[in-house]
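Here is the naming used below: chain letters follow the sequence lines, and residue numbers restart at 1 for every chain.
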Protein chains: 2
Amino acid sequence: MLRATQDIAVAHGLEGFSVDEVARRSGVAKSTIYRHFGTGDELLLAAMGELVDAVPDADTGSLLGDLTLIMTQFVAIATQPSIRRLFTSVLNRSLDNDDFAALQEELVTERKAPMRRALQRGMARGEIDPEIDLELASTIVQGPFVARVLHERGSFRQGEVERIVELMVKAMAP
Amino acid sequence: MLRATQDIAVAHGLEGFSVDEVARRSGVAKSTIYRHFGTGDELLLAAMGELVDAVPDADTGSLLGDLTLIMTQFVAIATQPSIRRLFTSVLNRSLDNDDFAALQEELVTERKAPMRRALQRGMARGEIDPEIDLELASTIVQGPFVARVLHERGSFRQGEVERIVELMVKAMAP
DNA sequence: CGATACCGATACGGTTCCGTAGCAGTATGG
DNA sequence: CCATACTGCTACGGAACCGTATCGGTATCG
């Protein structure tokens, strides 16, 4: 059931999900679904919770290297239509539903964790102005990528990721 | 009808919209709605199209001033829950529907126009590295704000807008 | 006055959901 | 072997949509 739910959500977003559809795809009877998950939303949340995976740390030794690596990975993932589909619909539903809001926050937090550590290391090395709040800094670094991918539904040309990261590093320099 | 549609969309997002609901609110018979707009989506698109208004230009004489003004306005608008609600649901639907994708692109383009002009003036004054692509630059400047508001569903503290703009100006400097 | 055009009210058929209920089959375990 | 627990199948009632159709009323214009 969880698997079928994930498949649907990835392919068609949360809107494509319905208990009937899960029953159809998984071959599991609807009654069984309701026995395990009291309601459709609970199944959906459980399935989505499984998709939140920890992002491995990236430590190349330089701030520029770390951020480039992190954002390259981010772009590789976030430009996939299915991922964009999923994230956008979670974001959309999070405005009405606190449970989905929590899920969305978890996704964002998990995604930002390695960035935060990279920034900490960079600050320790003196590559970042010590006045800068690291929470703000991570928002700033991710900002252009989030805006391009989510907001403008665009992609990136060759070398563009690196160029943007360079500019952000320059912005945060002491 | 358009008015009722806009009210619904602003309050509950595109998901809250239905032809029946518009009929209820507006006092207009459903048959009349279908006579004027062949389908529900056409009504919705027409109503949303009316909400796309030109953003006035901002010319304070300095790049920092212009961008601060523009982004302050952006934040004032985009942090309103109803606007966020609306934009997020348009964004969500734009992944399935080309008409809504066009609408969403129009919204983004319109919103970015004054920023682009401000950047052009800034570059003419030598405040921006001439190597930088202005399209990319506007994405970069807006990025942190878009990320904070849409992606992280957050707001801004006192003086934070100015601080972010300063950093972005620094990033783009020659 | 009368044709034409527009509108409101209402109902309908069809689809897709939701969550529940009843009933029969199978597996497990004391 | 038999009770207990799970499961599948099927059907149901209820709700919300969609888009269409019918029909009586009004208003505008020649």
Is the A:Phe87 to B:His151 ring centre distance short of 6.0 Å? yes
Between B:Phe74 and B:Arg111, is there a cation-pi geometry (under 6.0 Å to ring centre, at most 45° from the normal)? no
Do we see a donor-acceptor contact under 3.5 Å between the side chains of A:Asn92 and B:Arg93? no
Checking side-chain polar atoms at under 3.5 Å, does B:Thr60 have a donor or acceptor matched by the opposite partner on B:Asp66? yes
Which residue pairs pass the ring pair (Phe, Tyr, Trp, His ring centres under 6.0 Å) test when at least one of the two sits in residues 22-42 of chain A, sequence neighbours left out? none
Start at the 5' end of DNA chain C and walk down; is the nucleotide closest to A:Glu15 or to A:Gly38 reached first? A:Glu15
Kindly indicate whether the side chain of B:Leu167, heavy atoms from C-beta on, has any atom under 4.5 Å from the side chain of A:Ile132. yes
Whole angstrom value for the distance that separates [atom2] of [N] from [atom1] of [X]:
X       : N      : atom1 : atom2 : result
A:Glu21 : C:dT15 : CD    : P     : 16 Å
B:Asp20 : C:dT10 : CG    : P     : 14 Å
B:Leu43 : D:dC18 : CG    : P     : 10 Å
A:Tyr34 : D:dC12 : OH    : C1'   : 14 Å
A:Phe37 : C:dC18 : CZ    : C1'   : 17 Å
B:Ile8  : D:dC17 : CD1   : C1'   : 13 Å

Under 4.0 Å between a side-chain N/O of A:Thr39 and OP1 or OP2 of C:dC18, yes or no? no
Table of protein N/O atoms under 3.5 Å from nucleotides 3-10 of chain D N/O atoms:
from  : atom 1 : to      : atom 2 : distance (Å)
D:dT7 : OP1    : A:His36 : NE2    : 3.4
D:dT7 : OP2    : A:His36 : NE2    : 2.9
D:dG8 : OP2    : A:Ala29 : N      : 3.3
D:dG8 : OP2    : A:Thr32 : OG1    : 2.5
D:dC9 : N4     : A:Ser31 : OG     : 2.8

